[in-house]
Structure formats: C-alpha cells, structure tokens
Amino acid sequence: MTQPTTPTIVLVHGAFADAASYARVIPELLAHGYNVVAPAVPNRSLIGDAAYTASVIRQISGPVILVGHSYGGAVITVAGVEDNVKALVYLAGYALEQGESLGELQGRFPDSDLASALVYTPFPIEGSTEGGTDVTVDVAKFPAIFAADVEPELAAVLAVSQRPLAAQAFADAAPAAAWKTKPSWGLVAAADHTINPDVERFGYQRAGMTTTEVDSSHLVMLAHPKKVVELICEAAQSVAH
C-alpha cells in the first residue's frame with residue numbers, strides 16, 4: 001500500500017488551553033489541502049502527555065509535521081522522535097534540551113507576568129492516597145496575560161474554559177530532544193506575557209531553528225493565524241520533496 005506523501009499536520013495545544021486554540025488555523029490548513037489532527041492533550045505530565053501524543057502520531061500513515069504551542073512545545077520535543085515526524089514547529093513554545101525540565105529552563109530567566117497569576121488546586125488521583133495539583137491562570141488576569149490582542153469576548157470564554165496543567169508537568173525532565181535530529185521552526189511571540197520571549201528565543205537558538213518573530217500575545221494562533229499558517233506551510237513544503 002502506498003503511503004500518502006502529503007504531510008498530516010498534528011497540532012498540539014498548550015497548558016490552560018485546548019485544541020480550540022487552533023480554531024483559526026485549522027480551516028486555513030485544510031484549505032491548503034493538508035490533513036489535520038488536533039488531539040486533546042491530557043496535560044497531566046510531560047512524560048505521559050508526550051507518550052499519548054506519540055501514540056496518536058504512530059496511527060497516522062505518512063509524514064507528519066508536528067506543531068506545538070507553549071507547553072505543547074515541550075510535548076513535541078519528546079514525541080517528535082517518532083519515525084514519521086519530518087519537521088517540528090514551535091509556537092511561543094518551550095524547546096527543552098534532553099534531561100531538562102520546564103522548571104529548569106524557565107528558572108534561568110526572569111519571571112513573566114504569569115508567575116504571579118497562577119492558581120493551585122488539589123485534585124484526586126485514582127488509586128493513590130496522595131492527590132495532585134492542578135495549575136490554572138486567575139480568570140480575571142487571563143485575558144491580559146494570555147490573550148491581550150484577542151477579542152475580549154473570546155478571551156473571556158477562554159479564561160473560564162481553561163484546561164488545567166498538572167504541576168507534575170513542570171518537573172518532568174525531557175527524555176529526548178527531537179530537534180536534534182528533525183528540522184525545526186520557531187515562532188517567538190514578542191509581546192508574550194505568559195512565557196518570557198527570551199525563553200522562546202533561547203530554546204530556538206540553542207536548537208538552531210529557523211526563527212521568526214511576531215508582535216503577538218501568547219495566543220498567536222488566534223491573534224495572527226495567517227502568520228502561523230505561513231510558518232507551518234513553510235515547514236511542510238521544505239520536507240515535501
């Protein structure tokens with residue numbers, strides 16, 4: 001059976017968000033003729049989330065362009081070692097080194113506005129006497145920190161429909177760094193108040209990525225979807241031959 005040659009674009013969302021954060025990018029990619037998969041990432045631990053994402057990738061026949069936003073960048077750093085992943089695209093994301101955690105990378109730089117707006121909530125873990133901790137963003141502060149250049153009505157919806165990130169995700173060390181062996185592109189959200197843009201720049205530069213900067217809030221896919229689509233298409237076309 002002949003494998004498809006048109007890459008499938010797999011869109012990995014970040015923390016405090018879900019696949020709907022790609023709602024303005026997906027129609028454009030479909031119109032360009034790409035197959036698109038936007039899985040719901042559990043947001044429970046980096047190791048577990050990467051394993052889940054890798055299982056989705058393995059079920060796709062043909063080449064994959066793997067896109068990660070924010071925390072999703074850390075997820076694709078690990079899951080991107082799957083054989084059919086041909087390129088990585090980071091959107092305002094964490095490009096971890098092998099053996100590095102989110103907390104370690106972020107700790108090298110001054111805190112963004114996000115740090116003082118986080119809310120910690122205990123949650124039960126089935127089969128365990130010890131619970132976990134969910135991390136979310138203060139609903140009142142979410143629009144300014146996360147989505148400053150997104151319509152206020154939409155930002156308000158996003159604020160109350162956050163997908164929490166378990167605190168464990170900050171501590172897990174990345175067991176692999178796919179950017180070492182896969183061509184990679186990075187977008188810096190230069191007006192980001194969620195991740196210090198210098199964290200994005202550092203990770204991309206360390207990985208030797210093709211990098212572009214957009215004057216955008218953290219949710220660049222909703223604020224500047226055409227710029228995001230251009231970058232994903234550039235990655236897809238570069239590995240299509």
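No continuous path of hydrophobic side-chain contacts links Val139 to Ile145 [ILVMFWY only; heavy atoms under 4.5 Å]. Cluster annotation: Leu105 is not connected to Ile47 through the hydrophobic network of ILVMFWY side chains, with a link wherever side-chain heavy atoms come within less than 4.5 Å. Residues Val157 and Val220 do not share a hydrophobic cluster, defined by chaining ILVMFWY side chains whose heavy atoms lie under 4.5 Å apart. Connection of Val81 to Ile65 is not established within any shared hydrophobic cluster, with ILVMFWY side chains joined at heavy-atom distances below 4.5 Å, either directly or through further cluster members. The hydrophobic cluster containing Tyr71 does not contain Phe123, counting ILVMFWY residues as joined when their side-chain heavy atoms lie under 4.5 angstrom apart, directly or transitively.
Atom CD of Gln205 has 12 or fewer neighbouring heavy atoms from other residues, nucleotides or ligands inside a 6.0 Å radius.
Contact check for Leu158 versus Phe146: no side-chain heavy atoms found under the 4.5 Å cut-off. A 4.5 Å side-chain heavy-atom check between Tyr22 and Val228 finds every atom pair outside the cut-off. You'll find the side chain of Phe170 reaches within 4.5 Å of the side chain of Val135, heavy atoms only. No side-chain heavy atom of Pro164 sits less than 4.5 Å from a side-chain heavy atom of Asn43. Within the 4.5 Å cutoff, the side chain of His69 has heavy atoms near those of the Leu219 side chain. By the 4.5 Å heavy-atom criterion applied to side chains, Glu130 and Pro124 are not counted as neighbours. Side-chain contact check for Val75 versus Tyr52: every heavy-atom pair is 4.5 Å or farther apart. Side-chain contact check for Val67 versus Val25: every heavy-atom pair is 4.5 Å or farther apart.
The line from CZ of Arg24 to NE2 of His224 is 11.0 Å long, rounded to the nearest 0.5 Å. A distance of 6.5 Å separates CH2 in Trp185 from CD in Glu234, rounded to the nearest 0.5 Å. Rounding to the nearest 0.5 Å gives a distance of 9.0 Å between OG of Ser101 and CG of Leu46. Summarising the geometry, atom CG belonging to Asn196 is positioned 10.0 Å from atom CG belonging to Asp113; distances are rounded to the nearest 0.5 Å. Expressed to the nearest 0.5 Å, how far OG of Ser184 lies from CG of Leu66 amounts to 9.5 Å. Rounded to the nearest 0.5 angstrom, Leu11 CG and Ile26 CD1 are separated by 5.5 Å.
In this structure a side-chain-to-backbone donor-acceptor pair under 3.5 Å is missing from His13 to Ala20. A donor-acceptor pair is defined here as one N or O able to donate and one able to accept, closer than 3.5 Å; such a pair exists between the side chain of Lys182 and the backbone of Gly80. Side-chain atoms of Gln162 come within 3.5 Å of backbone N or O of Val137 as a donor-acceptor pair. In this structure a side-chain-to-backbone donor-acceptor pair under 3.5 Å is missing from Thr212 to Thr210. Panel note: side chain Asp149, backbone Ser217; a donor-acceptor pair is recorded below 3.5 Å. A donor-acceptor contact shorter than 3.5 Å links the side chain of Tyr204 to the backbone of Gly93.
Smallest separation of non-hydrogen atoms from Ala159 and Pro143: CB-CD, 4.4 Å. When all heavy atoms of Pro183 and Val239 are compared, the closest pair comes out as CG-CG1, 4.0 Å. A pairwise comparison of heavy atoms in Gly33 and Thr6 identifies O-CG2, 3.8 Å as the closest pair. Between Glu200 and Leu187, the shortest heavy-atom contact is OE1-O, 4.0 Å. Nearest heavy atoms, Ala95 versus Thr77: CA-OG1, 4.0 Å. Between Ser70 and His218, the shortest heavy-atom distance links the atoms OG-NE2, 2.8 Å.
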TODO: Starting from the C-alpha separation in whole Å, work towards a yes-or-no answer on side chain to side chain contact (heavy atoms under 4.5 Å, CB included) for Glu97 and Trp179.
DONE: CA-CA 9 Å; Glu97 173 61 276; Trp179 49 259; 3.8 Å; yes

Open item on the list: Walk me through whether Tyr94 and Gln106 qualify under side chain to side chain donor-acceptor pair (under 3.5 Å).
Closed with: CA-CA 9 Å; Tyr94 293 103; Gln106 196 146 265; 2.3 Å; yes

Open item on the list: Please determine whether side chain to side chain contact (heavy atoms under 4.5 Å, CB included) holds for the pair Ile195 and Leu114, giving the CA-CA distance in whole Å, both sets of side-chain angles, and the decisive distance to 0.1 Å.
Closed with: CA-CA 7 Å; Ile195 299 177; Leu114 176 70; 6.0 Å; no

- [ ] Before giving the answer on side chain to side chain contact (heavy atoms under 4.5 Å, CB included), spell out for Phe16 and Leu118 the whole-Å C-alpha distance, their side-chain angles and the decisive distance to 0.1 Å.
- [x] CA-CA 10 Å; Phe16 324 126; Leu118 294 175; 4.0 Å; yes

TODO: Before giving the answer on side chain to side chain contact (heavy atoms under 4.5 Å, CB included), spell out for Thr53 and Ile76 the whole-Å C-alpha distance, their side-chain angles and the decisive distance to 0.1 Å.
DONE: CA-CA 8 Å; Thr53 303; Ile76 71 169; 5.6 Å; no

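For the residue pair Thr121 and Asp134, no side-chain donor N or O sits within less than 3.5 Å of a side-chain acceptor on the partner.
Taking the centre and axis of the six-membered ring of Phe109, the NZ or CZ atom of Arg201 falls outside the cone set by 45° and 6.0 Å.
For Arg58, the side-chain contact (heavy atoms from CB on, under 4.5 Å) partners two or more places apart in sequence, or in a different chain, are Ala54, Ser55, Glu82. Partners of Val37 by side-chain contact (heavy atoms from CB on, under 4.5 Å), not counting sequence neighbours, listed by chain and number: Thr8, Val10, Pro39, Val56, Ile60.
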